[in-house]
Student: 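Take a look at this one; I'll ask things after.
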There are 4 protein chains.
Amino acid sequence: MLKERAEQILASARILFGERGMHGVSVRDIAEHAGVKKAAVFYYFDGKDDLLERILAGYYASHAAALESAFQAGGTLRERLQGTIDAYLDFVLANGNYARLVQGLIASNPEWHRHLQRNLEPLFRWTQAALSELSPEQGPLAARQFFITLSGAVINTFTYAPVLELMWGDDPLSEAGIAERRAHLHWVVDALMDKLQASQDR
Amino acid sequence: MLKERAEQILASARILFGERGMHGVSVRDIAEHAGVKKAAVFYYFDGKDDLLERILAGYYASHAAALESAFQAGGTLRERLQGTIDAYLDFVLANGNYARLVQGLIASNPEWHRHLQRNLEPLFRWTQAALSELSPEQGPLAARQFFITLSGAVINTFTYAPVLELMWGDDPLSEAGIAERRAHLHWVVDALMDKLQASQDR
Amino acid sequence: MLKERAEQILASARILFGERGMHGVSVRDIAEHAGVKKAAVFYYFDGKDDLLERILAGYYASHAAALESAFQAGGTLRERLQGTIDAYLDFVLANGNYARLVQGLIASNPEWHRHLQRNLEPLFRWTQAALSELSPEQGPLAARQFFITLSGAVINTFTYAPVLELMWGDDPLSEAGIAERRAHLHWVVDALMDKLQASQDR
Amino acid sequence: MLKERAEQILASARILFGERGMHGVSVRDIAEHAGVKKAAVFYYFDGKDDLLERILAGYYASHAAALESAFQAGGTLRERLQGTIDAYLDFVLANGNYARLVQGLIASNPEWHRHLQRNLEPLFRWTQAALSELSPEQGPLAARQFFITLSGAVINTFTYAPVLELMWGDDPLSEAGIAERRAHLHWVVDALMDKLQASQDR
DNA sequence: GATGAATGAGTATTCATTCAT
DNA sequence: TATGAATGAATACTCATTCAT
């Protein structure tokens with residue numbers, strides 16, 4: 001779709017924004033990383049904000065697509081939730097800096113909140129729909145609470161990773177690390193579903 | 001301890017850094033917010049980094065203190081974990097921008113990772129010690145996995161709040177919102193402990 | 001080689017650094033003197049240090065070239081020494097602020113010593129080579145002593161000039177002044193050579 | 001005369017100005033070096049310029065005194081010149097940073113030229129008086145030419161020292177280095193006097 | 001389609017100096 | 001006699017962006 005040149009720039013911006021956050025990266029940095037003249041960045045894009053917007057748009061599109069198919073897969077609710085967790089994990093894994101970028105943005109750039117909200121919305125709607133059988137609309141077991149808890153559990157895997165690596169010595173995002181984390185999250189979902197269904201049965 | 005003027009400046013920095021992240025705030029902003037001349041900031045502090053360092057130091061000290069007493073309280077493991085979750089929640093609640101500041105820093109300023117790690121360390125050690133009875137050293141049920149999951153569940157309550165507010169219309173950090181969240185987290189801890197103990201008994 | 005604009009800036013820096021020393025001149029001063037916006041200075045150069053470095057590099061290159069041909073000219077040792085003095089004098093004369101710049105740097109900016117040394121080195125080596133027939137390696141008549149004495153005698157002509165002008169009323173760097181100084185230096189070289197050869201003959 | 005505190009500050013300023021030049025030293029640096037509060041510097045002195053002025057005044061007074069006695073000693077002209085060179089050398093040696101300070105000032109701070117001139121004046125008058133028997137008023141052998149040549153030969157010993165040390169490996173201002181230099185300068189004076197008297201006799 | 005040149009507005013930080021106490 | 005507090009003005013340097021070519 002985009003010219004090769006533009007894709008190059010976008011890719012560099014994606015990497016750098018993810019690593020150092022929007023404010024921590026200059027257009028010069030992006031151009032240099034992309035092996036392109038600074039003015040080219042402005043030729044292909046409408047500036048730094050545009051760059052970020054497109055990166056987010058790309059992420060959101062594939063993020064939503066990834067989760068949608070998981071949500072809409074067949075099987076029990078539990079299986080679909082596990083599938084969604086897997087899809088989420090796989091997506092963030094495949095889109096290296098997504099988690100850090102969004103988290104950094106959410107935590108430090110109020111001007112992007114509305115933007116982020118628009119794109120978080122579908123994810124939330126799906127969670128809500130998926131859990132509607134078991135989850136009340138309000139209260140501590142409402143879908144929205146699980147939304148926060150589970151997305152926090154997934155996202156933090158990635159945002160905390162560089163700090164945890166310093167602490168543990170080994171990389172939490174290595175293949176083994178991710179496998180362990182995935183098993184843990186599955187176990188957590190099981191635990192939550194067990195209890196949710198138990199309280200339902202009562 | 002610090003002079004009134006310095007306290008004033010530190011408070012402003014705490015607020016602004018929390019709202020917009022370190023890079024998003026200029027010394028000028030801080031000075032203006034504090035009602036002080038820009039040069040006064042440099043008179044009382046050694047620059048922006050020093051300011052951030054002191055803010056973090058303050059946070060960490062009270063954060064650690066808050067969690068320590070919870071970890072070391074009596075009662076069953078389950079009660080102590082619930083107490084810790086409560087303490088964590090209360091701490092972040094009382095230190096408005098702590099979560100956003102740290103999360104923004106972790107996600108966008110690699111140069112602060114080491115610093116953050118030093119102060120996350122005791123928290124992790126305590127979790128590990130607390131869970132040692134039930135939790136294996138390695139694998140999906142290792143303490144470190146619960147550390148990520150639970151701190152993510154707490155932290156995200158706050159970092160996602162402004163975006164969720166846009167989505168839900170009501171403030172997730174209102175008294176009611178926090179009460180609901182707290183109940184949810186207690187329920188989650190129960191769910192996890194139930195399953196952990198069940199697998200132990202087998 | 002350099003763009004006109006850059007040359008302009010460099011020229012202004014050369015003048016101002018020479019007049020007031022590195023620390024005594026701000027980038028603003030340079031920009032104003034060059035009739036250029038301050039940011040343009042940073043567009044063309046990597047900052048103040050870069051500017052100084054290039055000025056020095058330029059000076060050194062032409063300085064070395066000027067002295068080299070004199071050292072390597074034919075004739076008796078005495079003639080070659082006289083030629084070198086002339087070349088030195090002519091060079092400093094043609095590069096107005098060279099002497100003041102270097103002297104100011106040497107006397108007040110330790111961080112530039114290494115840099116200055118690297119470029120003084122070839123000059124010293126040549127003196128040493130030139131005098132090797134007459135001069136012992138060590139002691140009061142070693143080449144290095146003559147190096148200091150003679151370069152001091154030349155350099156001081158220029159560095160002291162503005163103060164001497166206040167004292168004498170007439171400009172030591174006027175054509176007549178320089179002619180007188182040149183004759184004096186030739187006389188001095190003759191005096192030194194006479195005595196050096198006399199002690200050799202004995 | 002001055003309070004101990006003031007003397008302390010003056011001493012520190014003397015050292016630092018000599019090492020890094022006036023512009024390279026801040027009042028803060030001086031205060032810290034002197035182990036005194038910054039405001040104390042302004043209490044005892046009228047600011048940075050005043051400090052420099054007093055340092056120079058002190059130097060000049062002792063400089064003039066040192067040379068005066070040498071000039072006015074008995075003996076042949078040659079002996080008196082040698083004595084003066086010795087006195088000059090000894091003075092600069094005893095007043096470590098004098099040469100560097102003055103040279104740095106002369107080469108980079110036009111505003112101090114008048115000041116320096118006033119204090120160079122007596123030195124020049126004495127040289128002129130001393131050489132009046134042998135030296136014509138005008139031309140290449142005028143006293144003023146010898147003034148430049150000889151003071152340059154002495155002064156450069158000190159200003160170039162740190163750079164020459166990098167080049168030679170050993171310290172030109174060590175006891176041995178100075179002894180060699182002193183012998184060299186005596187030899188130079190002899191050479192100049194020999195030739196001057198020879199041309200006189202003709 | 002691409003870019004070298006240029007810049008206005010901003011950044012963190014330093015510094016000599018003043019002054020109330 | 002001293003100094004902590006305070007600051008206006010300056011400093012080197014960065015940056016997103018524009019625009020003529």
Side-chain angles (χ1 to χ4, degrees), chain A residues 3-6 9 13 22-32 36-52, chain B residues 2-6 8-9 22-31 34-52, chain C residues 2-6 8-9 22-31 34-52, chain D residues 3-6 9 13 22-32 36-52:
Chain A
K3 312 297 160 52
E4 201 190 333
R5 231 19 171 3
I9 294 168
M22 216 220 164
H23 280 306
V25 175
S26 72
V27 175
R28 192 184 219 259
D29 292 336
I30 296 169
E32 259 166 30
V36 159
K37 308 287 177 208
K38 186 158 54 113
V41 175
F42 289 91
Y43 176 70
Y44 286 106
F45 300 92
D46 285 346
K48 224 175 149 186
D49 281 11
D50 181 41
L51 224 29
L52 179 53
Chain B
L2 281 176
K3 311 296 155 56
E4 202 190 334
R5 218 47 174 329
Q8 192 66 242
I9 293 168
M22 217 223 163
H23 280 312
V25 175
S26 73
V27 175
R28 193 183 217 268
D29 293 336
I30 296 170
V36 154
K37 308 285 181 204
K38 186 154 56 99
V41 175
F42 291 94
Y43 175 70
Y44 286 104
F45 300 93
D46 286 345
K48 227 173 144 184
D49 280 14
D50 180 40
L51 226 27
L52 178 53
Chain C
L2 280 175
K3 311 299 155 54
E4 202 190 332
R5 213 66 173 314
Q8 192 66 242
I9 293 167
M22 217 224 163
H23 280 312
V25 175
S26 72
V27 175
R28 192 183 220 266
D29 293 336
I30 296 170
V36 154
K37 308 283 182 207
K38 187 158 52 105
V41 175
F42 291 96
Y43 175 70
Y44 286 104
F45 300 93
D46 285 346
K48 226 174 145 185
D49 280 14
D50 180 40
L51 225 27
L52 178 53
Chain D
K3 313 296 159 55
E4 200 190 334
R5 232 14 171 7
I9 294 168
M22 215 218 165
H23 281 306
V25 175
S26 72
V27 175
R28 193 183 219 260
D29 292 336
I30 297 169
E32 258 166 29
V36 160
K37 310 286 178 207
K38 188 159 53 115
V41 175
F42 289 91
Y43 177 70
Y44 286 106
F45 300 92
D46 285 345
K48 223 174 151 188
D49 281 11
D50 180 40
L51 223 29
L52 178 53

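From a predicted model like this one, the values you see are computed outputs, not experimental measurements. Within every chain, numbering begins at 1; the chains are lettered A, B, ... in the order of the sequence lines, protein sequences first and strands thereafter.
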Student: Which nucleotide sits closest to the side chain of A:Tyr44: E:dG1, E:dA5, F:dA2?
Tutor: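 Nearest listed nucleotide: E:dG1.
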Student: Rounded to whole Å, please give me the gap between CZ in D:Phe45 and P in F:dA2.
Tutor: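 So the two atoms are 13 Å apart, to the nearest Å.
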Student: Tell me the partner of F:dA16, counting only Watson-Crick (N1-N3 plus N6-O4 or O6-N4) or G-U wobble (N1-O2 and O6-N3) with both under 3.5 Å; none if nothing fits.
Tutor: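 Base partner found: E:dT7.
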Student: Restricting to non-hydrogen atoms, name the atom on A:Tyr44 and the atom on A:Ala6 that form the minimum distance, rounded to 0.1 Å.
Tutor: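 Where A:Tyr44 meets A:Ala6 most closely, the heavy atoms are CD2-CB, 3.9 Å.
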Student: In this structure, how many angstroms lie between the C1' atom of F:dA16 and the CG atom of A:Leu52, rounded?
Tutor: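 The distance from CG of A:Leu52 to C1' of F:dA16 comes to 15 Å, rounded to the nearest Å.
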Student: Taking C-beta and beyond as the side chain, do B:Leu51 and B:Val27 meet within less than 4.5 Å on heavy atoms?
Tutor: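 When only atoms from C-beta onward are counted, B:Val27 and B:Leu51 do not touch, as no gap falls below 4.5 Å.
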Student: Contact between C:Lys48 and C:Val41 at the side-chain level, heavy atoms closer than 4.5 Å - yes or no?
Tutor: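 They are not in side-chain contact.
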Student: For A:Tyr43 and E:dA2, give me the distance from atom OH to atom C1', rounded to whole Å.
Tutor: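 Between C1' of E:dA2 and OH of A:Tyr43: 7 Å.
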Student: Round to the nearest Å and state the distance from D:Glu4 atom CD to F:dT1 atom C1'.
Tutor: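 One finds 15 Å between C1' of F:dT1 and CD of D:Glu4, rounded.
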Student: Could you report the tightest heavy-atom contact between C:Lys38 and C:Ala31, atom names first, then the distance?
Tutor: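 Looking at all heavy atoms of both residues, the closest pair is CA-CB, 3.6 Å.
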Student: Look up atom NZ in A:Lys37 and atom CD in A:Glu32, then write down how far apart they are to the nearest 0.5 Å.
Tutor: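 Result: 10.0 Å between the selected atoms.
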Student: Over how many whole Å does the gap from A:Lys37 atom NZ to E:dT3 atom P extend?
Tutor: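 The answer, rounded to whole Å, is 7 Å.
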Student: Looking only at non-hydrogen atoms, find the nearest pair between C:Asp46 and C:Asp50 and report the distance.
Tutor: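 Looks like N-OD2, 2.9 Å.
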Student: Counting only Watson-Crick pairs (N1-N3 plus N6-O4 or O6-N4) and G-U wobbles (N1-O2, O6-N3), all under 3.5 Å, who is the partner of F:dT21?
Tutor: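 Pairing partner: E:dA2.
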Student: Within the 4.0 Å limit for protein heavy atoms, which parts of nucleotides 11-21 of chain E are touched? Write it as a string from 5' to 3', B for base, S for sugar-phosphate only, - for none.
Tutor: SSBBSBBB---
